[in-house]
Trainee: 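This is the structure I have questions about; it appears just below.
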2 protein chains.
Amino acid sequence: MSEQPPSGRRERKKAATRQKIADTALRLFLERGYDAVGIRDVAAEADVAVTTVFSHFAAKEALVFERDADVERRLARAVTDRAPGAPLVPALRQEMHALVRHCLADEAAPVWRMIDASPALREYEGSMRLRHAETLAAALAAEPGAPRGATACRALARFVVDAFALAREADDPETAVDDIFRMVEAAWEAAGAGVPVRPVT
Amino acid sequence: MSEQPPSGRRERKKAATRQKIADTALRLFLERGYDAVGIRDVAAEADVAVTTVFSHFAAKEALVFERDADVERRLARAVTDRAPGAPLVPALRQEMHALVRHCLADEAAPVWRMIDASPALREYEGSMRLRHAETLAAALAAEPGAPRGATACRALARFVVDAFALAREADDPETAVDDIFRMVEAAWEAAGAGVPVRPVT
DNA sequence: CTCCAACAACCTAACGGTTAGTGTTACGGT
DNA sequence: ACCGTAACACTAACCGTTAGGTTGTTGGAG
């Protein structure tokens with residue numbers, strides 16, 4: 001979309017530095033615990049200056065959620081790139097199943113245990129999801145298929161990210177996603193009550 | 001319930017100190033801006049030690065949301081103390097209308113403008129609401145009337161606090177509450193699909 | 001009435017995330 | 001070859017927050 005703008009070496013070096021910092025940080029966090037590792041430790045181990053760390057990551061917590069931009073994109077694309085005519089909410093439910101499985105069954109399990117153990121990380125995750133919800137809301141509002149009001153779009157987006165958070169904490173995450181999405185589906189239909197679902201035909 | 005445990009003077013002095021700190025802090029924040037006022041400033045102006053501030057408030061942001069325990073209680077009571085036989089979701093909607101009006105039309109307007117202007121405060125408010133949602137979820141789960149699963153209760157609680165956040169940002173907050181609560185109502189009914197709504201009769 | 005345990009509040013000093021301020025290098029386009 | 005700029009470094013702080021240890025008032029037991 002907007003990748004590979006002009007060229008090369010600088011951007012490669014920059015990306016390499018960023019990756020090195022993120023990898024080093026995650027390794028140290030898992031080895032010694034999130035709170036026991038300081039930014040100065042990460043910087044020293046990655047052989048960069050402290051200020052360099054903060055030029056790549058806005059905060060210490062962001063080191064843990066390095067790939068969060070992917071999730072944001074995937075959520076929006078689950079809406080925009082779905083098969084033409086495919087229903088909206090089931091598409092989102094499917095994506096959510098994929099996300100939950102990815103976070104839960106993966107080799108990523110220790111990371112999520114670490115996140116759950118740290119209030120700072122949990123709080124950061126919360127506001128991150130809120131950003132994702134806003135992006136998703138924008139994608140929903142741009143949908144030609146079922147144009148609800150802006151408020152309804154934002155509400156649905158929030159409900160969806162809520163579903164993720166709740167499912168991750170539930171005993172049976174897969175079932176929880178389905179349970180919550182039954183509610184989400186009903187909510188979305190109710191939002192379209194005034195505006196007819198099939199107006200054109 | 002659990003107020004006025006034994007007695008007197010100590011608790012009164014303590015409460016007075018707490019109030020003095022909160023009042024001083026809010027005044028300074030509004031005068032000079034949240035970021036421009038440090039904890040050390042607040043402590044000096046309130047004539048207490050820095051450590052005393054933190055013995056009354058867990059964080060700087062908590063100085064702004066001093067009365068948040070009230071909101072938490074009111075939410076739970078909107079469920080538990082409603083007229084017998086009264087429907088659940090409308091009771092919550094009514095409470096939400098009251099909350100939104102209180103935050104919006106009040107003399108509290110400058111405070112909320114300050115909150116909206118500060119990322120730190122917005123983030124703090126987010127996790128605060130999450131706590132409120134958990135409290136509300138517990139109240140819902142204890143309801144004899146319509147016992148959905150624990151997941152459904154937590155989901156509804158989240159949707160409700162989402163409604164507050166979204167309504168506060170909407171052009172027409174009152175209408176937004178109603179719009180979102182139409183969705184919430186539908187979600188709650190859908191959650192009761194498996195479990196019959198009137199099982200005993 | 002006295003004395004003691006508890007607890008609010010104090011002070012000092014630090015820790016750890018974050019940010020200016022200021023250079024220094026190495027690309028990349030001209 | 002040359003210059004503007006982006007990436008990184010170093011230092012030194014700022015600010016929220018916490019630990020350590022002290023003082024003084026209070027409420028209640030003896």
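Just so it is clear, the values below take in all heavy atoms, side chains as well, and ignore hydrogens, waters and symmetry mates. Letters A, B, ... mirror the listed sequences (proteins, then strands); counts begin at 1.
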Trainee: Of B:Thr52 and A:Asp35, whose closest DNA chain C nucleotide lies nearer the 5' terminus?
Mentor: B:Thr52
Trainee: Would you call B:Asp47-B:Lys20 a salt bridge at under 4.0 Å N-O?
Mentor: no
Trainee: From CZ of A:Phe57 over to P of C:dG16, roughly how many Å is that when rounded to an integer?
Mentor: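 Atom-to-atom, A:Phe57 to C:dG16, this comes out as 21 Å.
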Trainee: Under 4.0 Å between a side-chain N or O of B:His56 and OP1 or OP2 of C:dA8?
Mentor: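 Answer is no, no contact under 4.0 Å.
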Trainee: Separation of A:Glu61 atom CD from C:dT18 atom C1', in whole Å?
Mentor: 11 Å
Trainee: Does B:Val50 reach a base, just sugar-phosphate, or nothing at all? Heavy atoms under 4.0 Å.
Mentor: base
Trainee: Could you tell me whether the side chain of A:Ser55 has a donor or acceptor atom within less than 3.5 Å of a complementary atom in the base of D:dC8?
Mentor: no
Trainee: Whole angstrom is fine here: how far is it from CZ in A:Phe54 over to P in D:dA6?
Mentor: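 My rounded result for the distance is 22 Å.
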Trainee: Got a donor-acceptor pair under 3.5 Å from the side chain of A:Arg9 to the base of C:dG28?
Mentor: no
Trainee: Whole angstrom is fine here: how far is it from NZ in B:Lys60 over to C1' in D:dT17?
Mentor: 12 Å
Trainee: Taking N and O atoms by type only, does the side chain of B:Arg12 place a donor or acceptor under 3.5 Å from a partner on the base of D:dT26?
Mentor: no
Trainee: Between A:Arg27 and A:Glu45 (salt bridge meaning N to carboxylate O under 4.0 Å), is one present in this structure?
Mentor: yes
Trainee: Grab the CZ-P distance between B:Arg40 and C:dA14 for me, whole Å please.
Mentor: 14 Å
Trainee: Do B:Lys60's NZ or CZ and the ring of B:Tyr124 fall within the cation-pi criteria of under 6.0 Å and 45°?
Mentor: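 No, B:Lys60 does not lie over the aromatic ring of B:Tyr124.
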Trainee: Determine the contact category for B:Val42: base if any of its heavy atoms lies under 4.0 Å from a base atom, sugar-phosphate if only primed atoms, P, OP1 or OP2 are that close, otherwise nothing.
Mentor: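 The residue B:Val42 makes no contact with any strand.
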Trainee: Just checking B:Asp41: base, sugar-phosphate only, or nothing, at a heavy-atom cut-off of under 4.0 Å?
Mentor: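 Nothing, no heavy atom under 4.0 Å.
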Trainee: Between A:Glu143 and A:Arg82, is the closest basic N to carboxylate O distance under 4.0 Å?
Mentor: yes
Trainee: Regarding A:Val37, tell me which of base, sugar-phosphate or nothing describes its non-hydrogen contacts under 4.0 Å with the strands shown.
Mentor: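 Counting heavy atoms under 4.0 Å across all strands, the contact made by A:Val37 is with sugar-phosphate only.
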Trainee: Quick one: B:Arg10 CZ to C:dA6 P, roughly how many Å, whole number?
Mentor: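 Roughly 11 Å, once rounded to whole Å.
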Trainee: Respond yes when some side-chain nitrogen or oxygen of B:Thr17 is under 4.0 Å from OP1 or OP2 of C:dA9, and no when none is.
Mentor: yes
Trainee: For C:dC27, does OP1 or OP2 lie under 4.0 Å from any side-chain N or O of A:Lys13?
Mentor: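 For C:dC27, OP1 or OP2 has a side-chain N or O of A:Lys13 closer than 4.0 Å.
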Trainee: Rounded to whole angstrom units, what separation is found between the CZ atom of B:Arg18 and the P atom of C:dA8?
Mentor: 13 Å
Trainee: Can you measure B:Ile21 atom CD1 to D:dT17 atom P for me and round it to whole angstrom units?
Mentor: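 Computing the B:Ile21:CD1 to D:dT17:P distance gives 14 Å.
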Trainee: State plainly whether the residues A:Arg73 and A:Asp70 are in salt-bridge range, i.e. N to O under 4.0 Å.
Mentor: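 Here A:Arg73 pairs with A:Asp70 in a salt bridge, since their nearest N and O are under 4.0 Å apart.
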